[in-house]
Amino acid sequence: MHYQPLHDALFSWYQTHGRHDLPWRNTRDPYPIYLSEIMLQQTQVATVLERFYFPFLERFPTLKSVAEAPEEAVLKAWQGLGYYTRARNLHACAKACDGTLPGSAAELEQLPGIGKSTARAVAAFAYHEPVAILDANVKRIIHRFFALASPTPKTLWEKTDALLDAARPYDYNQAMMDLGATVCTPKAPECAVCPLASGCRGKTDPTAYPEPKKKKAVPHHARYALVQLHKGKIGLMLRKEKLLGGLWGFVQQDTAPEVHELLGTARHAYSHFKLTLSACLVEGDLPGCDGWFSLEEIAALPLSKIDETILAMVKHRFETV
DNA sequence: GAAGCGTGGCG
DNA sequence: TCGCCAAGCTT
């Protein structure tokens, strides 16, 4: 209520500086809105926009088409975007609601892969439900606006609810995200042009909020990837653990195989460890594979980034014999 | 509450 | 080369 002047300033700023051309805005179809929210979790707008959003919608025009497809096809469309639990949950969600998303945040939050923030985002953007979101951008603004160094999640949700303009939930939430993304940035926020500055308690020292988190040491693993050849086919395993689960890839082991040809070395930084893989060409029907494929068949399978890198080494090896 | 979970871009 | 960060959810 007493935030009315700030809301007015926010909307005025949003009208001029908001990212109004994003394709998942200006629609009330919950599916593309939901899809964008899932793709954008921990992922930058440019990545989603330039490489994944439109191809995915072309392959799966409706949530019903997702529900009717095999999980592997959804993972293939997700390949390269990372955090593949999102794709598995997207498929599970589509099946759980049979291709029709429910009409409220409370119901959306019951579906797999939809937490409180995503549920509220879809409800606010598709149904104009008066709920506030708390994504990374809004969270940073809330920390600074209320000068909270290390609040509990409960406090953050209370504060984001308190700041909501319930009369305009769509514009309010979009404006807050844009403000966090372009003005109230992690480093060097531009308080001088911020429409919320007059009410912000953290503006004298914005980078003190939130409190910087302690960094942990990132482990580094060195392993061997087996490129197994047998009767003209390549042996791959179907990963079943949480890391890259549902994707196909080369069998890995901690020690070098007895006889092998080194194809090359690939490095990759995952979210919580680093990996160096030495790709070893080995002959014969070794254990550990779930399937044998030609190069053409592999092209249709979902693979992780580092497995694609190794696959490129294999192609190069046999093109230059 | 903390850890696990991908990838790409940037300084 | 490296650390940080980007529309979080699950366990």
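Bear in mind that the values here come from a model prediction, so they are computed numbers and not experimental data. By convention in this document, chain letters (A, B, ...) are assigned in the order of the sequence lines, proteins followed by strands, and residues within each chain are numbered from 1.
Base contact: A/Leu22 has a heavy atom under 4.0 Å from a base atom. Contacts of A/Ser304 with the nucleic acid, taken as non-hydrogen atoms under 4.0 Å apart, involve only primed sugar atoms and P, OP1 or OP2. Across all strands, A/Ala136 comes closer than 4.0 Å only to sugar-phosphate atoms, never to a base (heavy-atom distances). Residue A/Trp24 is classed as a base contact, given a heavy-atom separation below 4.0 Å to a base. In this structure, A/Val48 reaches neither bases nor backbone, as no heavy-atom distance under 4.0 Å exists between it and the strands shown. A/Thr43 comes within 4.0 angstrom of a base, heavy atoms only. No engagement by A/Ala46 is indicated, since no non-hydrogen atom pair under 4.0 Å with the nucleic acid exists. As judged by a 4.0 angstrom heavy-atom cut-off over every strand, A/Arg51 is placed among residues touching the sugar-phosphate backbone only. No contact: A/Ile133 has no heavy atom under 4.0 Å from any strand.
Using atom P as the reference point in both B/dA3 and C/dC4, the two lie 15 Å apart (nearest Å). Using atom P as the reference point in both C/dT11 and B/dG6, the two lie 14 Å apart (nearest Å). Distance noted for atom C1' between B/dA2 and C/dA7: 22 Å (whole Å).
Stacking of A/Lys233 on the aromatic ring of A/Phe293 is not recorded, the 6.0 Å distance cut-off and the 45° axial limit not both being met. In this structure, A/Arg201 forms no cation-pi arrangement with A/Phe146, as its terminal cationic atom is not both closer than 6.0 Å to the ring centre and no more than 45° off the ring axis.
If you take NZ of A/Lys116 and P of C/dG8, they are 16 Å apart, rounded to a whole angstrom. Taking atom CG on A/Asp178 and atom C1' on C/dA6, their separation rounds to 14 Å, with Å as the unit. Going from atom NZ of A/Lys187 over to atom P of B/dC10 covers 14 Å, rounded to whole Å. Following rounding to the nearest Å, A/Leu49 (CG) and C/dA7 (P) show an atom-to-atom distance of 14 Å. Counting to the nearest Å, the C1' atom of B/dT7 and the CD atom of A/Glu308 are 13 Å from each other. The interatomic distance linking A/Gln110 (CD) with C/dC9 (C1') rounds to 14 Å, in whole Å. The CG atom of A/Leu40 sits 13 Å away from the P atom of C/dA6 (whole-angstrom rounding). Rounded to an integer number of Å, the gap from CZ of A/Arg140 to P of C/dG8 is 10 Å.
By the 30° and 60° cut-offs, the orientation of the rings of A/His221 relative to A/Phe273 is tilted.
With salt bridges taken as basic N to acidic carboxylate O contacts below 4.0 Å, one links A/Glu261 and A/Arg317.
Within the structure, a side-chain polar atom (N or O) of A/Thr118 is placed less than 4.0 Å from OP1 or OP2 of C/dC9. Not one side-chain nitrogen or oxygen of A/His268 sits closer than 4.0 Å to the OP1 or OP2 atom of B/dG6. The side chain of A/Lys274 places an N or O atom within less than 4.0 Å of a non-bridging phosphate oxygen (OP1 or OP2) of C/dG3. In this structure, A/Tyr83 does not reach the C/dA6 phosphate: none of its side-chain N or O atoms is under 4.0 Å from OP1 or OP2.
Both A/Asn89 and A/Asn137 lie near DNA chain C, and the one whose nearest nucleotide falls closer to the 5' end is A/Asn137. Each of A/Gly80 and A/Pro153 lies near DNA chain B, and the nucleotide nearest A/Pro153 is the one positioned closer to the 5' end. The nearest heavy atom of DNA chain C to A/Arg267 and to A/Arg19 marks one nucleotide each, and the one closer to the 5' end goes with A/Arg267.
Two rings, from A/His7 and A/Tyr172, have their centers less than 6.0 Å apart. Side-chain rings of A/Tyr14 and A/His20 approach one another, their centers coming within less than 6.0 Å.
Comparing C/dA7, B/dG6, C/dC5 by their closest approach to the side chain of A/Pro186 singles out C/dC5. The side chain of A/Ser117 lies closest to C/dC9 when the candidates are C/dC5, C/dC9, B/dG6. When each of B/dT7, C/dC5, C/dA7 is scored by its nearest atom to the side-chain atoms of A/Gln44, the top-ranked nucleotide is C/dC5. Closest approach to the A/Glu37 side chain among C/dC5, B/dG8, C/dA7 is made by C/dA7 (side chain taken as heavy atoms from C-beta onward).
Rounding to the nearest 0.5 angstrom, the gap separating the CG atom in A/Leu236 from the CG atom in A/Leu311 is 8.0 Å.
Residue side chain A/Thr152 does not reach the base of B/dG1 through any donor-acceptor N/O pair under 3.5 Å, judged by distance alone. The base of C/dG8 sits with one of its N or O atoms less than 3.5 Å from a complementary donor or acceptor on the side chain of A/Gln42.
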